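Inspection log for the structure reproduced underneath, given as structure tokens.
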Amino acid sequence: MPNSYDSNAIIRPEVLKLSAYHVPPASGMIKLDAMENPYALPITLRDEISCLVADAPVNRYPDAGAAALKATLRQALAIPDEMEVMLGNGSDEIIQIIALALAKPGAVLMSVEPAFAMFRMIATFTNIEYVGVQLKPDFSLDLDAILAAIDEHRPAVIFLAYPNNPSGNLFDTETVLRIIEATPGIVVIDEAYHAFADASLIGELTKYPNLLLMRTLSKLGLAGLRLGLLIGREEWLTHLEKLRLPYNVGVITQLVADAVLKHPDMLLAQAATIKSERSNMLKQLAGLPNVTVFPSDANFVLFRVNNADQVFATLKQHNVLIKNLNGAHTLLTNCLRVTVGTPEENQQFYQALQASIS
Ligand SMILES: *Cc1c(COP(=O)(O)O)cnc(C)c1O
């Protein structure tokens, strides 16, 4: 037996070429880089959760079907009765399950560019070919280009985030419906930012047999729990369920999500505060010289400056961590993305930004 092996010869070449998903250290920083909800849960709810967790049967595997949690989710999210629900360890896992199920030789996973980076990354992980169709410079859908790409590639699936990340805008609904009608495969609408947008395609599920819809609790205030869900017809979800690892949603996540979702008003009130802070932030940024701000229906704002790398570095010196998207895509040249935080955090961000662009 040799005492060393050549990992380069054994690991898939696509995997060798990947770089690991980088999460920058944020301790001591004002953390406005990851679209997290800045608010803690109310103290009464935290007390309730403490008791639930203390009594949780952690010696047992979780309920593989998560029946109680699913019933609560159906209520809280107004999921149509005729639709099935599949739960994931975050919606990232659901994207992966869908890609795994569709990755026949030659199959294509399509999205737009720039979009959520995990669409492309997971396509690579699962060995399904990725095609990204460029958005217009205002980050709207280029219908002609998408229809041409559908004709050319016959994608097994198209992923569209609604609102889109990293741009923050909602795509035109009619255009999305045209895409759903034109494609031979499924369309997954990723509504990760639904709580901050006044629109949803959930009502279209009953009309379009190839439509699936994803939601997540992450941006709503429960990023640490890791819970995402897929809503769609039984003919798709029965097969996807076979690829879901049986205990992918743990005991604690099931209990805590269930308890929190029984207070939807609390989460909606937090989302309303974030939306009103978003309006303030959009106004403030629009008033700054040499800053172009893009409209947002999400809990973050994309904006362009003259020198994003420098502004990003200066903000960091002021202890403010946002996301530098310069270099991620040609449409994102000199763009930065800031998550809407508490009023105090947003003010500190704004002051640091003023200082860094002057
Ligand atoms: C943040 C984000 C997700 C990630 O969701 P998790 O449920 O935390 O895995 C999914 N889609 C989009 C577009 C996102 O921005």
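Numbering of ligands and ligand atoms starts at 1, following listing order. Given the structure is predicted, the values throughout are model-derived calculations rather than measurements. Just so it is clear, the values below take in all heavy atoms, side chains as well, and ignore hydrogens, waters and symmetry mates.
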**Study point:** Remaining members of hydrophobic cluster (4.5 Å side-chain criterion), Tyr247
**Key:** Tyr61
**Study point:** salt bridge (Lys or Arg N to Asp or Glu O under 4.0 Å) contacts in which one or both residues fall within residues 292-301, not counting sequence neighbours
**Key:** none
Exercise for review: With a 4.0 angstrom cut-off on heavy atoms, strictly below it, pick out the residues next to ligand 1 and order them by chain and number.
Suggested key: Gly90, Ser91, Asp92, Phe116, Ala161, Asn165, Asp190, Ala192, Tyr193, Thr216, Ser218, Lys219, Arg226
Check your understanding: Mind checking what makes side-chain contact (heavy atoms from CB on, under 4.5 Å) contact with Thr183, not counting sequence neighbours?
Key -> Ile150, Pro155, Ile158, Val187, Asn210
Review point. Do Leu135 and Val301 belong together in a cluster built from hydrophobic side chains that touch within less than 4.5 Å?
Key: no
Exercise for review: State the CD1-CG distance between Ile231 and Leu77, to the nearest 0.5 angstrom.
Suggested key: 6.0 Å
Check your understanding: For the residue pair Tyr193 and Phe300, is the inter-centroid distance of their aromatic rings smaller than 6.0 Å?
Key -> yes
